[in-house]
Amino acid sequence: MKKMKIALIGAGSVSFALGALQDIVLSPRLRNEAELEIALMDISEENVNRTYRYAKEMFDSFSHPASIWQTTNLEQALQGADFAIVAIEVDRYFYWSQDFHIPRRYGSKQIYGENGGPGSMFHTLRNLGPMLEIARTMEKVCPDAWFINYTNPEAKLVAAISKLTSIKIVGLCHGLDMGIHQLCEFLERKPEEIGIEGGGLNHFGFFTKIWDKKTGEDLYPLFREKEGKANRLAQFDHIGLSRAMYHIYGYYPYPGTNHSGEYVSYADDFYAGLSLQYRYNPIREQLWKEGSRTPDFVYAASGSSLDKGLFDSVQSQESWVKQAYTFDKEKVSPSNEYAIPIIEAIFFDDEVQINSVNLPNNSAIRGLPDDMVVETQAFVNGQGITLKPMTVDLPTAVIGTIHIQGTIHKLLLEAFVEKSKTKLLQAILLDPSAPTYYQACAMIDEMCELQKDILPALEWV
């Protein structure tokens, strides 16, 4: 059997690391047709040891022959790797709460602050240094390996690695699949019954075609009819903006309000969760001071503190992590992510189609620059990953919105390389949720001071 080495970088990640390990252990081909080595790497020894214990228990329970080991040494983990699956964040909710609140304090209308808006730009600059360290280490010890990225902001980071290194990188996200499930709710169909064409920017994509796989029937007329009859307030916080965008642009977007809304100026008319995200009481709390708490991240009402009685206990982050790492063989199931299917297709030279990947455009989406990272369907085989060209053009207004973000990506890369607050300012002022000039300058100074231990050192130049 041919040897394969997979390195999981950021192996302390609860969702992506455990999901990837479950997909590996459930794969007959990786079990029976490869001599598999799995290196688990994280900068936190405690976290990587926790994942290692879980992985060993799971692989032993399946009598899986893979060799698994853990380390905090990046170069050691990547040495001779064929694939690196990367999902990294440092103090995610602590810094994200700053990304969310500080720009809004200075007048930005951003609604989420993760992948779009001024907050996402600081998120990018924080993660870009570690991402480049991973890629440049790969250039040194495994130059032919694939860098499979789950780290956000997806498009911005994949664009930077593509431009600044020689490493083959692909960004993965399940947002398009979330959109498929929304389509199916309206159409009252199962996901396996419909075909789609869709794409755009990560977290800002549109379905240009929907059809019945069995008959080939165009399902957009039926979707139009069903959407028109649907309760106008149903799941409003999640898809209210999506439905408005469908009315505006003529195609249904994905993945949902909180993500798609990061790229437009009118999203806060539709996102009730805005008033809940990282909620705190400024009369009683001064956030991010020594000894203060990180405000709770509220993603949706279902299953959160909003469903509880006044004195019911709410599951903490610590108890959620403990529960995730409590092994139960009966609960091991596919993650429905794409990393392992891509690895199998490349390694065994299978031909498969993937619903969505993030790669440089290369004419797959007309109207967008070839070097801009876009998201759409792709073919994968032993030669690598190739975007499937979209056959229907995205609306001019959508193309224009994505163009703005592509320019922001370039400016952020220049800000990082040149260590320039001025280039960062240019990027922020381009954004649809930008504050005023004076507010933007003050915001940049405050964020750079708040996050100085983790941001690159930027200067006004």
Side-chain angles (χ1 to χ4, degrees), residues 9-10 42-44 72 74-75 86 88-108 110 113-140 147 149 151-165 167 169 286-290 292 294 405 407-431 433-461:
I9 309 301
D42 200 283
I43 59 173
S44 166
T72 57
L74 178 64
E75 184 170 331
V86 181
I88 61 168
E89 289 283 357
V90 175
D91 289 337
R92 173 175 173 79
Y93 296 111
F94 177 79
Y95 290 112
W96 190 357
S97 64
Q98 295 176 358
D99 294 342
F100 176 73
H101 280 296
I102 301 300
R104 290 186 61 80
R105 182 189 297 168
Y106 284 97
S108 170
Q110 69 170 17
E114 184 190 25
N115 291 280
S120 78
M121 302 186 202
F122 297 98
H123 189 195
T124 301
L125 292 170
R126 288 198 306 275
N127 281 342
L128 186 48
M131 290 283 284
L132 281 170
E133 181 185 1
I134 294 166
R136 286 170 176 156
T137 303
M138 291 175 69
E139 287 179 318
K140 179 180 175 183
F147 188 132
N149 182 57
T151 307
N152 279 322
E154 185 74 74
K156 294 177 175 68
L157 294 175
V158 172
I161 299 302
S162 298
K163 286 180 168 69
L164 295 181
T165 78
I167 288 299
I169 183 169
Q286 286 190 306
L287 297 189
W288 318 302
K289 302 291 184 183
E290 187 71 29
S292 67
T294 297
Q405 294 302 319
T407 304
I408 287 171
H409 297 180
K410 289 181 180 179
L411 287 168
L412 284 177
L413 191 53
E414 291 174 13
F416 180 87
V417 172
E418 299 171 22
K419 297 184 170 27
S420 170
K421 285 184 178 180
T422 309
K423 285 292 177 68
L424 174 57
L425 174 66
Q426 292 174 19
I428 287 170
L429 292 177
L430 265 183
D431 196 87
S433 59
T436 68
Y437 166 69
Y438 288 100
Q439 290 170 319
C441 291
M443 176 191 71
I444 289 171
D445 284 336
E446 179 168 350
M447 285 291 283
C448 286
E449 177 62 26
L450 268 177
Q451 300 186 359
K452 62 185 177 183
D453 293 337
I454 195 167
L455 279 174
L458 306 179
E459 300 291 340
W460 292 109
V461 292

Contacts of Thr124 that satisfy side chain to side chain donor-acceptor pair (under 3.5 Å) - sequence neighbours left out: none
Taking side chain as C-beta onward, heavy atoms only, is Leu164 less than 4.5 Å from Val417? yes
Those residues that, when tested against Glu290, pass salt bridge (Lys or Arg N to Asp or Glu O under 4.0 Å) (two or more places apart): none
Indicate yes or no: at least one non-hydrogen side-chain atom of Pro435 is less than 4.5 angstrom from one of Pro103. no
Indicate the atoms forming the closest heavy-atom contact of Gln439 with Tyr106, along with that distance. CD-O, 2.9 Å
Residues in salt bridge (Lys or Arg N to Asp or Glu O under 4.0 Å) contact with Arg136, at least two apart in sequence or another chain: none
Taking side chain to side chain donor-acceptor pair (under 3.5 Å) as the definition, give me every residue that meets it alongside Asp445, ordered by chain and number, with sequence neighbours left out. Lys421, Trp460
Would you check if Val158 and Phe147 make a side-chain contact, meaning some heavy-atom pair closer than 4.5 Å? no
Using the side-chain contact (heavy atoms from CB on, under 4.5 Å) criterion, which residues pair with Lys410? Sequence neighbours excluded. Asp371
How would you list, by chain and number, every residue that makes a side chain to side chain donor-acceptor pair (under 3.5 Å) with Glu459, sequence neighbours excluded? none
Any non-hydrogen side-chain atom of Met443 less than 4.5 Å from a side-chain atom of Ile428? yes
Testing the basics here: between Asn115 and Pro153, what is the closest heavy-atom pair and its distance to 0.1 Å? OD1-CA, 2.9 Å
Restricting to salt bridge (Lys or Arg N to Asp or Glu O under 4.0 Å), what partner residues turn up for Arg104, sequence neighbours left out? none
Listed partners of Leu450 passing side-chain contact (heavy atoms from CB on, under 4.5 Å), at least two apart: Gln98, Ile102, Trp288, Glu446
Residues two or more places apart in sequence or in another chain: which of them pass side chain to side chain donor-acceptor pair (under 3.5 Å) with Glu154? Asn149
Lys163, NZ: over 12 other non-hydrogen atoms inside 6.0 angstrom: yes
Considering the options Ile454, Asn127, Leu455, Thr294, which one meets the side-chain contact (heavy atoms from CB on, under 4.5 Å) requirement together with Tyr95? Ile454
When rounded to the nearest 0.5 Å, the distance separating CG of Leu425 from CG of Leu411 is 10.0 Å
Residue pairs passing the salt bridge (Lys or Arg N to Asp or Glu O under 4.0 Å) test where at least one lies in residues 113-132, sequence neighbours excluded: Arg92-Glu114, Asp99-Arg126
Flag for His123-Gln451: side-chain donor and acceptor within less than 3.5 Å: no
Side-chain heavy-atom pair Gln110, Pro118 within 4.5 angstrom cut-off: yes
For Ser44, the side-chain contact (heavy atoms from CB on, under 4.5 Å) test, sequence neighbours excluded, returns Asp42, Glu46, Asn47
Taking salt bridge (Lys or Arg N to Asp or Glu O under 4.0 Å) as the definition, give me every residue that meets it alongside Asp431, ordered by chain and number, with sequence neighbours left out. none
List the atom of Glu89, the atom of Asn152, and the distance in Å for their closest heavy-atom pair. OE2-O, 3.8 Å
